[in-house]
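Worksheet: the structure to be examined is printed underneath.
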Amino acid sequence: MLKAVGMMGIWRKIIFCLAVALVTTGVCAQELKCNVEVNSQQVEGTNKSVFETLQEAMSTYMNETKFTNASFSPIEKLDCRMFLTVKEYTDDRIKGELQVQLSRPVYNSTYTTTVFNFRDTRIDFEYREGDPLIFNENSVENNLTALLDYYAYLFLALDFDTFSPKGGQPFYDRAQSIVQQAQSIGEVGWRTFEDTKNRAAVLNGFTESNTSSIRDLLYRYHRLGLDQMATSVDKGRAEVTESLDNLKTVADNAPMSVILSIFRDAKLDELVNIYTKAPSAEREKVYELLQPIYPTENERLDKIKKGEER
């Protein structure tokens, strides 16, 4: 098992080359291992079968759609999760929130790290029980498939960024195309100035010049940092420490960027674990960097500063 996980970085580089060349139409293979859940407890007096059907349809779509032409073996599929909380269901219209998460194995270990963790509060789409979900890479069919396509490509973009510098660019481009098409149909959650934490804002955070240094962090933190810890904890942790300068760049350039809260939700607990037994000078450096960015997270940041036992 450890050997299989260790080879993943090599395979990713091969897959990346294929993806750049083949990201357009052609012969494909499934890329995602996505756990989908739909929770309808907040909706009363409704036939629950529609939500069971929706969960099955979303799961099938995410796990059986071929989003690229890159071939993924079972152990290389991206580990992701989508948890939809339905808050309203009226006249075939579903409104709610979607928690999305992407994880990644760490080289030569059984440890899995969270790359992306985000709560999308602008979920609003039409769905009738039994409606087929059909993938069309050239156009947006409806708001539900647009949502699923957007997150599928964002997952791919982020994952590839962790294995190769700026490796996810073809998939950011695809996600951007979906945002632009979805904006034209007038659904919520897509318009650039509608919300500072909607889907357009998230994508912009990874791609606009003033905040895109977060992508440099993704590579250095994961490939040069975490992946090296099996060989040398100190060297790997030092790379993680250096990678955080990119987070400071984001905070300096765009202190209200949604990217900062996304990083916090995905990584702050992990950073506490990484630095618990680090040398005091290293802990102090990380604390001094993170504290101005996350001034309300004193409890967790103090654990980094003090080196408290977990």
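A search for side chain to side chain contact (heavy atoms under 4.5 Å, CB included) contacts involving Asn198 returns Glu194, Asp195, Ala200, Ala201, not counting sequence neighbours.
Taking 4.5 Å as the limit, some side-chain heavy atom of Leu260 sits within range of a side-chain heavy atom of Tyr294. With a 4.5 Å cut-off on side-chain heavy atoms, Leu290 and Glu297 do not count as touching. Side chains of Leu203 and Tyr172 form a contact here, defined as non-hydrogen atoms less than 4.5 Å apart. For the pair Glu97/Phe83, no side-chain contact is recorded, criterion being any heavy-atom separation below 4.5 Å from C-beta on. Looking only at side-chain heavy atoms (C-beta outward), Leu158 and Leu218 come within less than 4.5 Å of each other. Side chains of Thr121 and Arg119 form a contact here, defined as non-hydrogen atoms less than 4.5 Å apart.
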Q: Please lay out, stage by stage, how Arg174 and Glu137 fare under the test salt bridge (charged side-chain N to carboxylate O under 4.0 Å, His left out).
A: CA-CA 9 Å; Arg174 293 295 293 273; Glu137 65 178 339; 2.9 Å; yes
Q: Show the numbers, then the answer: is there a ring-ring contact (aromatic ring centres under 6.0 Å, His included) between Phe67 and Phe135?
A: CA-CA 9 Å; Phe67 292 99; Phe135 175 67; 5.4 Å; yes
**Q.** Trace of the side chain to side chain contact (heavy atoms under 4.5 Å, CB included) decision for Met58 with Val38
**A.** CA-CA 9 Å; Met58 291 173 60; Val38 175; 4.1 Å; yes
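In this model, a donor atom of one side chain and an acceptor atom of the other lie less than 3.5 Å apart for Thr53 and Glu129. Looking at Thr68 and Glu31, their side chains do bring a donor and an acceptor atom within 3.5 Å of each other. Side-chain contact check for Glu270 and Thr114: no donor-acceptor pair (N or O, by modelled atom type) lies under 3.5 Å. Side-chain contact check for Thr207 and Gln176: no donor-acceptor pair (N or O, by modelled atom type) lies under 3.5 Å. Side chains of Tyr275 and Glu284: no donor on one and acceptor on the other come within 3.5 Å. Counting only N and O atoms by type, the side chains of Thr241 and Glu239 include no donor and acceptor under 3.5 Å apart. A donor and an acceptor atom, one from each side chain of Glu187 and Asn142, are nowhere located under 3.5 Å apart. There is no side-chain donor-acceptor pair under 3.5 Å between Asn246 and Thr249. For the residue pair Thr113/Lys267, the side-chain donor-acceptor check at 3.5 Å is satisfied.
A donor-acceptor contact shorter than 3.5 Å links the side chain of Glu76 to the backbone of Ser73. Looking at Gln30, its side chain never comes within 3.5 Å of a backbone N or O of Asn63 through a donor-acceptor pair. The closest donor-acceptor contact from the side chain of Tyr61 to the backbone of Leu148 lies at 3.5 Å or more, if one exists at all. Judged purely by atom type and a 3.5 angstrom limit, Ser109 uses its side chain to pair as donor or acceptor with the backbone of Val106. Side chain of Ser59 to main chain of Glu56: no donor-acceptor pair is present (N/O by atom type, distance under 3.5 Å, no hydrogens or angles). Checking side-chain atoms of Asn108 against main-chain N and O of Asp227 turns up no donor-acceptor pair under 3.5 Å. Using modelled atom types, no side-chain atom of Arg128 and backbone atom of Arg93 make a donor-acceptor pair closer than 3.5 Å. With hydrogens and angles ignored, the 3.5 Å screen pairs no side-chain donor or acceptor of Ser257 with any backbone N or O of Ala254.
Salt-bridge formation is not detected for the pair Asp161/Lys166: no Lys NZ or Arg NE/NH1/NH2 atom is positioned less than 4.0 Å from an Asp or Glu carboxylate oxygen. The pair Asp245-Lys248 fails the salt-bridge criterion, with no side-chain N (NZ, NE, NH1 or NH2) lying under 4.0 Å from an Asp/Glu carboxylate O. A salt bridge links Arg300 with Asp269: the closest approach of a Lys/Arg side-chain nitrogen to an acidic carboxylate oxygen falls below 4.0 angstrom.
To the nearest 0.5 Å, the span separating CD1 on Ile94 from OG1 on Thr85 amounts to 12.0 Å. Atom CZ of Arg199 sits about 8.5 Å away from atom CZ of Arg122, to the nearest 0.5 Å. Atom CG in Leu271 sits 9.0 Å away from atom CG in Leu247 (nearest 0.5 Å). The line from OH of Tyr287 to CG of Leu301 is 6.5 Å long, rounded to the nearest 0.5 Å. Here the CD1 atom belonging to Ile178 is positioned 10.0 Å from the CG atom belonging to Leu154, to the nearest 0.5 angstrom.
For Tyr89 and Phe51, the distance between ring centers is under 6.0 angstrom.
In terms of heavy atoms, Gly167 sits closest to Arg215 at N-NH2, 4.3 Å. Across all non-hydrogen atoms, the minimal contact from Arg283 to Thr276 is CD-O, 4.2 Å.
Each salt bridge (charged side-chain N to carboxylate O under 4.0 Å, His left out) pair with one or both residues in residues 202-212, not counting sequence neighbours, would appear here, but there are none. Among pairs with a residue in residues 142-155, none fulfils salt bridge (charged side-chain N to carboxylate O under 4.0 Å, His left out), at least two apart in sequence or across chains.
Ring planes of Tyr153 and Phe171: parallel class, angle under 30° (limits at 30 and 60°). Relative ring orientation between Phe116 and Phe155 is described as perpendicular, the plane-to-plane angle rising above 60° on a 0-90° scale split at 30° and 60°.
Within a 6.0 Å sphere centred on NZ of Lys48, other residues, nucleotides and ligands contribute more than 12 heavy atoms.
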